[in-house]
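Encoded as structure tokens, the structure appears first; notes follow it.
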Amino acid sequence: MTTPALSFSADQAEAWDRLAAALRSAGVDIDDATIRPAGEAGQGALAVVGKAGSGKTLLLAELTKALAEAGVDVISGDYEGRRRKDRRTVAILAPTNKAASVLRNRGVPATTIHRILYTPVYDPDYERIAEWLAGNGDRPEIEGLTEAALDRAQAFYATVKSVPGALAAAGLRGSDFILGWKRREEPLDIGLIDEASMLDAKQFEDLEEIFPTLVLFGDPAQLAPVNQSGQMVFDGLPEARKLVLHRVHRQEGDSPILDLAHALADPALEFEDFERMVAEAARRDDRVHWAERVDADLMARSPVLVWRNQTRIRLIHAFRAAHGAPADALLPGEPLICDGIELPLKHRKKRIDLEARGLVKGAQVVYLGPGKKPGFSRLHVIGAEEPRLSAASIIKIELPDSEEPFIASAARMGAAFLHGAAVTIHKAQGSQWDQVQVFAPDLFAAARAGRTEAGLPLWKRLAYVAITRAETRLHWVVRNRLGRPTRVLDTADLPGAPVPLALETE
């Protein structure tokens with residue numbers, strides 16, 4: 001057995017050996033760091049499954065590193081470079097932009113499934129810049145682009161291997177160098193898929209068409225896609241194709257958050273028993289907080305996680321009322337969630353611009369104020385390389401006991417948003433926050449309803465997903481109350497320069 005220099009647990013080492021054997025059969029030897037030309041048969045789909053803390057992400061990261069050291073090209077989704085006959089390829093994918101960004105923050109060059117299924121078509125001039133940055137061509141001379149701009153692009157790419165990011169550093173927008181999108185025609189070799197519990201059957205079929213060898217990394221205790229009756233795509237694989245990680249790798253000093261998450265596996269555990277465990281953990285460790293009410297200050301940047309949509313709407317309404325938000329306008333600092341881009345096909349370039357700046361469905365955004373033009377909003381996109389922009393916006397604020405939302409910003413078309421002070425646990429999958437508030441009355445309602453999913457009580461699946469969204473501190477909220485804010489809602493905590501109103505994305 002040959003494994004990386006770091007210390008693997010026994011089940012991780014076994015999974016590594018089995019994955020190495022499968023890749024070796026497909027022509028990539030990660031132990032000897034060698035590859036053979038394409039032509040060998042793929043290995044189909046394998047799954048690495050385990051609960052939170054079992055080491056799936058570590059295994060994925062080390063596998064990515066070993067493939068790159070063997071000479072396999074990592075396909076990022078934004079640019080592929082010229083094809084070579086002897087080239088072998090790997091892509092690290094996640095179902096959502098949020099899930100991909102979590103991996104990127106840990107140093108794994110992940111992209112979304114959509115960005116692999118549909119590839120960008122580059123303007124020929126700017127393709128020469130991309131080839132040069134990737135080391136496959138000479139430094140180009142581009143009309144209208146200065147040497148200083150090329151230097152900025154090169155410096156950015158040396159740090160972050162992103163062609164769109166490098167071109168943005170040179171002063172270009174997405175629609176300057178991307179002419180459109182096309183369905184991928186040429187297959188790749190290896191796909192590593194994180195958060196595979198979120199995959200639906202159609203996405204899995206699409207991936208099998210592209211990748212002869214697929215490795216799915218998933219958590220069987222999470223919530224399955226809503227259209228799959230509680231089943232996850234890796235549930236249908238033969239047992240011999242599943243590599244199970246049993247050991248839990250705790251954080252330094254152990255993790256009471258992971259302890260609570262894994263306690264939910266006990267089939268005899270009832271909701272009341274679990275709440276007593278949470279209360280005991282809160283008395284022992286400050287990383288678990290037994291909260292009598294929702295923290296309005298925390299809601300501004302970390303949404304309350306709920307089960308029921310009506311709970312989400314009422315908490316948002318209470319949050320806005322507590323901050324004295326007017327009924328007909330947003331306050332700077334209010335959190336939003338991008339609900340998609342509402343643009344007809346003829347405005348494809350505008351869509352590309354918005355998505356290139358991070359406005360994809362599920363993106364977390366903070367409202368900065370109205371834009372220069374009617375219907376425009378100045379926004380801060382959490383986690384984006386250039387977070388501040390101004391865009392045509394359709395902002396919907398849902399109201400309790402009303403089917404019609406209040407429209408805070410009413411552009412005819414553009415980026416659509418919902419309020420982000422509270423979010424359903426289903427929507428939170430793939431995301432993580434430093435601190436998370438879980439609204440326990442909703443989980444109690446799920447327990448009382450007696451609903452199950454794939455043979456497990458729904459409340460346990462909901463609790464597991466909600467708890468594991470917290471990185472450092474879990475707030476277990478036990479009362480249907482909202483605490484008064486202690487801070488004025490503003491944008492002082494957000495990095496970045498103010499948005500010049502003249503630079504709005506029309």
Side-chain angles (χ1 to χ4, degrees), residues 97-98 101 105 168 294-304 315-339 353-398 406-411 414-423 428 431-437 471-473 475 482-506:
N97 189 69
K98 291 185 293 182
S101 68
N105 290 338
V294 175
D295 186 331
D297 294 328
L298 195 56
M299 287 174 77
R301 298 295 176 264
S302 177
V304 182
L315 280 171
I316 289 169
H317 181 72
F319 170 84
R320 301 196 76 241
H323 280 286
D328 59 350
L330 287 175
L331 293 175
E334 289 198 60
L336 302 173
I337 299 288
C338 182
D339 198 38
D353 269 342
L354 292 172
E355 291 179 342
R357 296 296 302 273
L359 285 183
V360 296
K361 189 163 186 175
Q364 300 166 44
V365 177
V366 177
Y367 179 77
L368 302 178
K372 185 177 180 181
K373 300 177 183 178
F376 276 70
S377 301
R378 289 180 292 129
L379 307 166
H380 181 102
V381 184
I382 301 294
E385 293 170 356
E386 296 180 47
R388 301 213 168 180
L389 76 158
S390 186
S393 306
I394 305 160
I395 302 175
K396 305 171 187 177
I397 308 295
E398 296 147 296
F406 156 62
I407 306 297
S409 180
F417 298 93
L418 300 174
H419 206 279
V423 68
S431 296
Q432 283 194 308
W433 293 271
D434 182 49
Q435 301 188 60
V436 164
Q437 299 185 84
E471 292 183 334
T472 61
R473 197 171 194 221
H475 301 257
L482 180 72
R484 291 183 179 276
T486 62
R487 298 191 299 269
V488 175
L489 193 62
D490 60 25
T491 61
D493 61 309
L494 301 174
V499 183
L501 294 182
L503 298 180
E504 302 193 281
T505 304
E506 300 184 18

**Request:** Return the set of residues passing side chain to side chain donor-acceptor pair (under 3.5 Å) with D434 (not counting sequence neighbours), or none when no residue passes.
**Result:**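 Side chain to side chain donor-acceptor pair (under 3.5 Å) list for D434, sorted by chain: T472.
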**Request:** Apply side chain to side chain donor-acceptor pair (under 3.5 Å) to D328 and list each qualifying residue two or more places apart in sequence or on a separate chain.
**Result:**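 Result, side chain to side chain donor-acceptor pair (under 3.5 Å) vs D328: none returned.
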**Message:** Using 0.5 Å steps for rounding, measure from the CZ atom of R473 to the OG atom of S302.
**Reply:**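 Here the rounded value is 12.0 Å.
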Indicate yes or no: at least one non-hydrogen side-chain atom of [X] is less than 4.5 angstrom from one of [Y].
{"X": "V294", "Y": "H475", "answer": "no"}
{"X": "S377", "Y": "L368", "answer": "no"}
{"X": "V366", "Y": "E334", "answer": "no"}
{"X": "Q364", "Y": "I337", "answer": "yes"}
{"X": "I316", "Y": "M299", "answer": "no"}
{"X": "L494", "Y": "R301", "answer": "yes"}
{"X": "L298", "Y": "Q437", "answer": "yes"}
{"X": "I394", "Y": "D339", "answer": "no"}

**Request:** Could you check L418 against V423 for side chain to side chain contact (heavy atoms under 4.5 Å, CB included), going step by step and ending with a plain yes or no?
**Result:** CA-CA 10 Å; L418 300 174; V423 68; over 6 Å; no
Do you know which two heavy atoms are closest between [X] and [Y], and how far apart they sit?
{"X": "A411", "Y": "G375", "answer": "CB-O, 3.5 Å"}
{"X": "C338", "Y": "F417", "answer": "CA-CD2, 3.6 Å"}
{"X": "A408", "Y": "I397", "answer": "CB-CG1, 4.3 Å"}
{"X": "G333", "Y": "T491", "answer": "N-CG2, 3.5 Å"}
{"X": "P335", "Y": "A421", "answer": "CG-N, 3.7 Å"}
{"X": "A296", "Y": "P485", "answer": "CB-CG, 4.0 Å"}

**Request:** Give a yes or no on whether the backbone of P370 and the side-chain of R378 come within a donor-acceptor separation of less than 3.5 Å.
**Result:**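 The answer is yes, because a donor-acceptor pair under 3.5 Å joins these two groups.
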**Message:** So, applying side-chain contact (heavy atoms from CB on, under 4.5 Å) with V365, which one of L379, I395, I382 is it?
**Reply:**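 Among the candidates, only L379 passes.
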**Prompt:** Among all residues two or more places apart in sequence or in another chain, which pass the ring-ring contact (aromatic ring centres under 6.0 Å, His included) test with F319?
**Reply:**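 With neighbours one apart ignored, the set is H323, H419.
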